[in-house]
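Values below: all heavy atoms of this structure, side chains included; hydrogens, waters and symmetry mates excluded.
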Amino acid sequence: KLLEINPESYTAWNYRKLAVEHYLNLPDCNPDSIKSVLDDELRVVENALRQNFKSYGAWHHRKWVLSKGNSSIDNELRLLDKFQKADSRNFHAWNYRRFIAESMKRSKQDELKYTEDMIYTNFSNYSAWHNRSVLLSALFEKKAEGFLSKEKVLPEEYEFIHQAIFTDPDDQSGWFYHLWLLDQTVTTDSPLLASSWPGHGSDVLLVGDRRYNGSAFSPFSALHSDSGSFPIVLYFNQPVGGVNSSTVTVECGFNKNEDLLWKPLSASNSQTARVWVAHLKVPSSDLHSTVEVSVGHTKGIISTRGFEYSHPSMLSFKVHVQPMERDSSQVSVAESISLREENFKVYGKQSEESIIDSFDQLIIKNGHETTASNWRFEALAKEIECFRELLSLVDCKIGKLTLARLLKAYDAMSYPFANKLVHSEEVLELYSDLMKLDPTHYQYYKDEHSMVLLQKVTSSKESLIQHCFQYKDSVSSAICGPICLRLNNLSLSRMGAFEKLLWVQMLDLSDNELQSIEGLEAMQLLSCLSLRNNKLRSLTALEPLRKLKLLRVLDISYNQIGDHSIDTTRYLCSSPLSHSVGSESNKDETVTSDVALIENWEAFYIFKDFNLNQLDIVGNTIADEKFKSVLVKIMPKL
């Protein structure tokens, strides 16, 4: 009686479960009485659903009863028809329908036809479109008859969705399904190696004392190493797991492959990531050796979607070690590094040629990257033409957004062959328009605009050279590589294109609008970084920098750190610090008894693994004398 009045009382549903379990376990319970009890439960659920057919507890209880296996499911589809006629978008009913179809061994093709009928009844049926995507995903995965290839199915689906979109461009249901179709069109199942550092065919110079006569080497590949090791970075086109000394072998004359420990660089503590790094130890004496890296020749690298890495890759590069030349009488004097305008100069013609010659090695082209099928290009080209036509008839925000996504996808697919982004200017203009037309979603459009701009900047040698500058003192003892990539004053709100920036050691991101630096952990060579005059709101926003072991100079001046008493970064950004700051430490270990450090526990956990020589925090609310003394306690080398 209670549940028929209030189906939301989950305590009552659970109490009924206990009562039913008790009855079914009685010694004198026979099959007929079991069926009678369970049928009575189905009746109670049906009455409760008449009161509220969106009750989570009721639908869950019905599944629980049927899972006992003593009740007929023949009547369930008829019951569902009643509820779906009352509300065709009831996602509870659709979810239950998937459960029943699976229990009845009903074919996914029949269910696909059912979704089609429901969609023709109402194009705005989001649940039906969603169910259609679930069914097609399963059919593609099982390679069912008629669904072996997306080439035939997806173009037909595009034609189907056009009917909904052109009938009512303001309805969201069809647009979400179109976005799913776009993802199915452009996403490759098997993961690929997108880039690496060192690059294939490159010469890496490891310098012992940060001074080198770089005439014979590209400034892209000279690296200071005071730890006796250097990173090998693998950047995949999607998150993968299983990267270890068995699936990735490194052969050289000075290190054993088994000694290498591969670590994922991800925004969470999971064992899957796009970027993996291992540190190769080198001897301190003069060395000239070849290193060969074999990726995926042994199975085991698997994407988060369950697909094997099936395109084995081989990278080869040379390592040259220049040991420390300083004599014992020489005193090391700390130099201040300032990534400001007056400290840079434009490269000369000879230096430009050196950079351009090295560009192809920096951005590794995957030797096994499959040529995109013609149907993919044709499908995208047809969709682009279609939506340009739509926008000529009606000014539609989501139409502009979809066109921008299509153009981005087309450029990304054709880039390995065309070596340029044909539509970047048009995409940037579309996102600029959307920022004005739809201020509610301004930040999303701004982030997308930033990503496209970065892809454009890094897409060619000519555009990249415009942002490469020489630091005033190219033989400074405080830095090794004289190249600084200056992406300052570009109004960037988000970083991207990391696969093309693995080589960067000095990076100037000042005078932008960055609230998050997620992804920066991929840039393992960074030694100098300026984030001056951005919009970083808290110390937790610096979390990606904890993984940059070579970082020595950091400028976070004139941000908004300390402005807000509540750290909203925890909830706005996908940082592992959101819920687990300090979780990697030993709970039994007494971290510190210092009151100042306890009061600034976030600073302690962020900076404790840093090895900084120089940190600029001026212009932040948090930057008082007390906080400076805390930083010196955490990082004595400052």
Side-chain angles (χ1 to χ4, degrees), residues 336-347 424-425 428-429 431-432 435-436 442-459 463-473 479 481-498 500-501 504-523 526-545 548 551-564 568-569 572-573 612 614-623:
S336 178
I337 305 298
S338 177
L339 303 186
R340 308 286 170 82
E341 198 71 43
E342 61 272 13
N343 295 327
F344 293 102
K345 61 183 179 181
V346 178
Y347 268 99
S424 57
E425 286 297 335
L428 290 171
E429 190 177 334
Y431 281 123
S432 296
M435 282 185 259
K436 297 170 190 170
Y442 175 89
Q443 193 59 52
Y444 172 78
Y445 302 134
K446 180 69 176 171
D447 287 352
E448 292 298 306
H449 186 279
S450 299
M451 300 285 277
V452 175
L453 182 58
L454 284 167
Q455 290 291 351
K456 181 187 173 187
V457 165
T458 59
S459 64
S463 59
L464 185 67
I465 196 69
Q466 303 301 317
H467 296 270
C468 290
F469 289 80
Q470 189 167 8
Y471 191 69
K472 63 177 181 180
D473 179 8
I479 57 173
I483 289 181
C484 179
L485 181 65
R486 303 198 70 202
L487 301 175
N488 59 313
N489 211 17
L490 295 177
S491 295
L492 299 175
S493 62
R494 184 181 173 187
M495 280 297 293
F498 295 109
K500 300 173 186 175
L501 302 177
V504 177
Q505 297 181 50
M506 296 183 73
L507 179 61
D508 182 4
L509 292 172
S510 61
D511 301 303
N512 283 300
E513 301 172 23
L514 295 170
Q515 295 183 42
S516 166
I517 52 173
E518 186 180 349
L520 215 64
E521 64 274 6
M523 301 174 67
L526 269 185
S527 61
C528 301
L529 172 64
S530 175
L531 293 165
R532 176 186 174 88
N533 197 23
N534 275 280
K535 294 183 178 180
L536 300 176
R537 297 160 63 93
S538 67
L539 292 173
T540 55
L542 303 176
E543 190 273 336
L545 303 184
L548 302 181
L551 190 63
R552 299 293 179 267
V553 177
L554 176 61
D555 184 350
I556 53 173
S557 58
Y558 299 98
N559 276 273
Q560 301 171 8
I561 300 173
D563 283 8
H564 310 277
T568 53
T569 309
L572 296 178
C573 304
L612 294 177
Q614 180 180 321
L615 174 64
D616 191 348
I617 60 168
V618 71
N620 290 287
T621 304
I622 203 172

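Using modelled atom types, no side-chain atom of His449 and backbone atom of Tyr431 make a donor-acceptor pair closer than 3.5 Å. In terms of modelled atom types and a separation under 3.5 Å, the side chain of Ser450 and the main chain of Leu492 share no donor-acceptor contact. Using modelled atom types, no side-chain atom of Ser424 and backbone atom of Lys456 make a donor-acceptor pair closer than 3.5 Å. Under the 3.5 Å distance criterion, the side-chain polar atoms of Asn620 are matched with a main-chain donor or acceptor of Ile617. Between the Asn512 side chain and the Asn534 main chain, no donor and acceptor come within less than 3.5 Å of each other. A donor-acceptor pair under 3.5 Å links the side-chain atoms of Lys446 to the main chain of Ser491, judged by distance alone. Remark: side-chain polar atoms of Asn343 are paired, donor with acceptor, to backbone N or O of Ser338 under 3.5 angstrom. Glu521 places a side-chain N or O within 3.5 Å of a backbone atom of Gly519 that can act as its donor or acceptor partner. Between the side chain of Asp508 and the backbone N or O of Ser510, at least one donor-acceptor pair lies under 3.5 Å.
Salt bridge Asp555/Arg340: present, at least one basic N to carboxylate O contact under 4.0 Å.
Listed here is the closest heavy atom pair of Leu536 and Asn559: N-OD1, 3.0 Å. The heavy-atom pair separating Leu548 from Leu520 by the smallest distance is CD2-O, 3.7 Å.
Looking at heavy atoms from C-beta onward, Leu514 lies in side-chain contact with Met495 at the 4.5 angstrom threshold. In this structure the side chain of His467 reaches within 4.5 angstrom of the side chain of Val457, judged on heavy atoms. With a 4.5 Å cut-off on side-chain heavy atoms, Val553 and Leu529 do not count as touching. Looking at Cys528 and Gln505, their side chains never come closer than 4.5 Å, going by heavy atoms from C-beta outward. Looking at Leu485 and Met523, their side chains never come closer than 4.5 Å, going by heavy atoms from C-beta outward. No side-chain heavy atom of Gln470 sits under 4.5 Å from any side-chain heavy atom of Phe344.
Under the rule for a side chain to side chain contact (heavy atoms under 4.5 Å, CB included), the partners of Met451 that lie at least two apart in sequence or sit in another chain are Arg494.
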Apply side chain to side chain contact (heavy atoms under 4.5 Å, CB included) to Asn488 and Leu509, showing your working. CA-CA 5 Å; Asn488 59 313; Leu509 292 172; over 6 Å; no
Starting from the C-alpha separation in whole Å, work towards a yes-or-no answer on side chain to side chain contact (heavy atoms under 4.5 Å, CB included) for Ile337 and Tyr471. CA-CA 9 Å; Ile337 305 298; Tyr471 191 69; 3.7 Å; yes
Please evaluate residues Asn533 and Asp511 with respect to the criterion side chain to side chain donor-acceptor pair (under 3.5 Å), reporting the C-alpha separation (whole Å), side-chain torsions for both, the decisive distance (0.1 Å), and the verdict. CA-CA 5 Å; Asn533 197 23; Asp511 301 303; 2.8 Å; yes
Side chain to side chain contact (heavy atoms under 4.5 Å, CB included) between Glu543 and Ile517, intermediate numbers included: CA-CA 8 Å; Glu543 190 273 336; Ile517 52 173; over 6 Å; no
Going through the distances and angles, do Leu551 and Leu612 end up as a side chain to side chain contact (heavy atoms under 4.5 Å, CB included)? CA-CA 6 Å; Leu551 190 63; Leu612 294 177; 3.9 Å; yes
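For the side-chain contact (heavy atoms from CB on, under 4.5 Å) criterion with Ile556, the lone passing option out of Leu545, Val618, Leu615 is Leu615.
The CZ atom of Phe469 lies 7.0 Å from the CD atom of Glu341; values are rounded to the nearest 0.5 Å. Put simply, OG on Ser493 and OH on Tyr445 are 13.5 Å apart, with the number rounded to the nearest 0.5 Å. For the atom pair Leu501 CG and Phe498 CZ, the distance stands at 7.5 Å (nearest 0.5 Å).
A cation-pi arrangement, defined by a distance under 6.0 Å to the six-membered ring centre and an angle within 45 degrees of its axis, is absent between Arg532 and Tyr558.
A donor-acceptor pair shorter than 3.5 Å cannot be found between the side chains of Ser527 and Arg552.
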